[in-house]
Amino acid sequence: MNEISYQEKIWQVVALIPEGNVATYGQIAELAGLPRMARAVGRTLSLLPKGTQLPWHRVINAKGQISFPVGSEAYECQKSRLEEEGITLLNGKINLKQHRWQP
DNA sequence: TCCTTGACGGAGA
DNA sequence: ATCTCCGCCAAGG
């Protein structure tokens, strides 16, 4: 079990998140068979190449927020990509009850 | 080496 | 709602 195998499992799960849905870092870790390794998910996503096909923008934190500094370029990018899928933020938060992916 | 920092999270207070 | 502690572990100083 090494970092490389973590990444592969994580990529596979992230790729399954349907358009219009979101999943949390912890949820991805859990589904990838890596419980309590939410940080590994964030780390893996941070290493993705710029033009990746993976829907990384559908991954948010457990509080329903985007895990980037508000107003940063990355934050705005993720936010707009989510809005294009009909996912809106209210007070900087996404309604998990409504948009959370249920595999 | 040791220490700190992360796209984090859950339990408890 | 907010905060602290603790688990987890790769990377960089």
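The model shown is predicted, which means the values in this text are computed figures rather than measured ones. Letters go in sequence order (proteins before strands), and every chain restarts at 1.
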inquiry  = Before you tell me yes or no, could you show the steps for A/Glu30 and A/Arg36 under salt bridge (charged side-chain N to carboxylate O under 4.0 Å, His left out), namely the whole-Å CA-CA distance, both residues' side-chain angles and the distance that decides it to 0.1 Å?
reply    = CA-CA 7 Å; A/Glu30 193 75 39; A/Arg36 295 180 295 293; over 6 Å; no
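- Using a 4.0 Å cutoff to heavy atoms of chain A, the contacted part of DNA chain C runs 5' to 3' from C/dG7 to C/dA10.
- Using a 4.5 Å cut-off between side-chain heavy atoms of Ile, Leu, Val, Met, Phe, Trp and Tyr, with links allowed through other members, A/Leu90 and A/Tyr75 fall into different hydrophobic clusters.
- Under the 4.5 Å side-chain heavy-atom criterion for ILVMFWY residues, no single connected hydrophobic cluster contains both A/Ile4 and A/Ile28.
- The one candidate from A/Leu82, A/Ile94, A/Ile60 that meets the side-chain contact (heavy atoms from CB on, under 4.5 Å) condition with A/His99 is A/Ile94.
- For the pair A/Phe68 CZ and B/dT5 P, the computed distance is 20 Å after rounding to whole Å.
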message = Run A/Tyr25 and A/Thr44 through side chain to side chain contact (heavy atoms under 4.5 Å, CB included) and show every step you take.
response = CA-CA 11 Å; A/Tyr25 294 93; A/Thr44 296; over 6 Å; no
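- Neither side chain, A/Arg43 nor A/Gln7, offers a donor N or O lying under 3.5 Å from an acceptor on the other.
- Only the P atoms considered, B/dA7 is 22 Å distant from C/dT2, to the nearest whole Å.
- Mapping A/Glu3 and A/Lys93 onto DNA chain C by nearest heavy atom places A/Lys93 closer to the 5' end of the strand.
- What separates CG of A/Leu45 from C1' of B/dG6 is a distance of 13 Å, to the nearest Å.
- In this structure, the CD atom of A/Gln65 is 12 Å from the C1' atom of B/dC8, given to the nearest Å.
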key: Pair A/Leu96-A/Val22, side chain to side chain contact (heavy atoms under 4.5 Å, CB included): steps then yes or no   = CA-CA 8 Å; A/Leu96 286 174; A/Val22 296; 4.0 Å; yes
ask   = Where do A/Arg100 and A/Gln27 land on the side chain to side chain contact (heavy atoms under 4.5 Å, CB included) test, with the steps shown first?
value = CA-CA 10 Å; A/Arg100 194 204 253 303; A/Gln27 182 181 3; 2.7 Å; yes
Dump the pairs, protein N or O against N or O of nucleotides 9-13 of chain B, anything under 3.5 Å, distances to one decimal.
{"from": "B/dG9", "atom 1": "OP1", "to": "A/Tyr25", "atom 2": "N", "distance (Å)": "3.3"}
{"from": "B/dG9", "atom 1": "OP1", "to": "A/Gly26", "atom 2": "N", "distance (Å)": "3.3"}
{"from": "B/dG9", "atom 1": "OP1", "to": "A/Ala62", "atom 2": "N", "distance (Å)": "3.1"}
{"from": "B/dG9", "atom 1": "OP2", "to": "A/Ala62", "atom 2": "N", "distance (Å)": "2.7"}

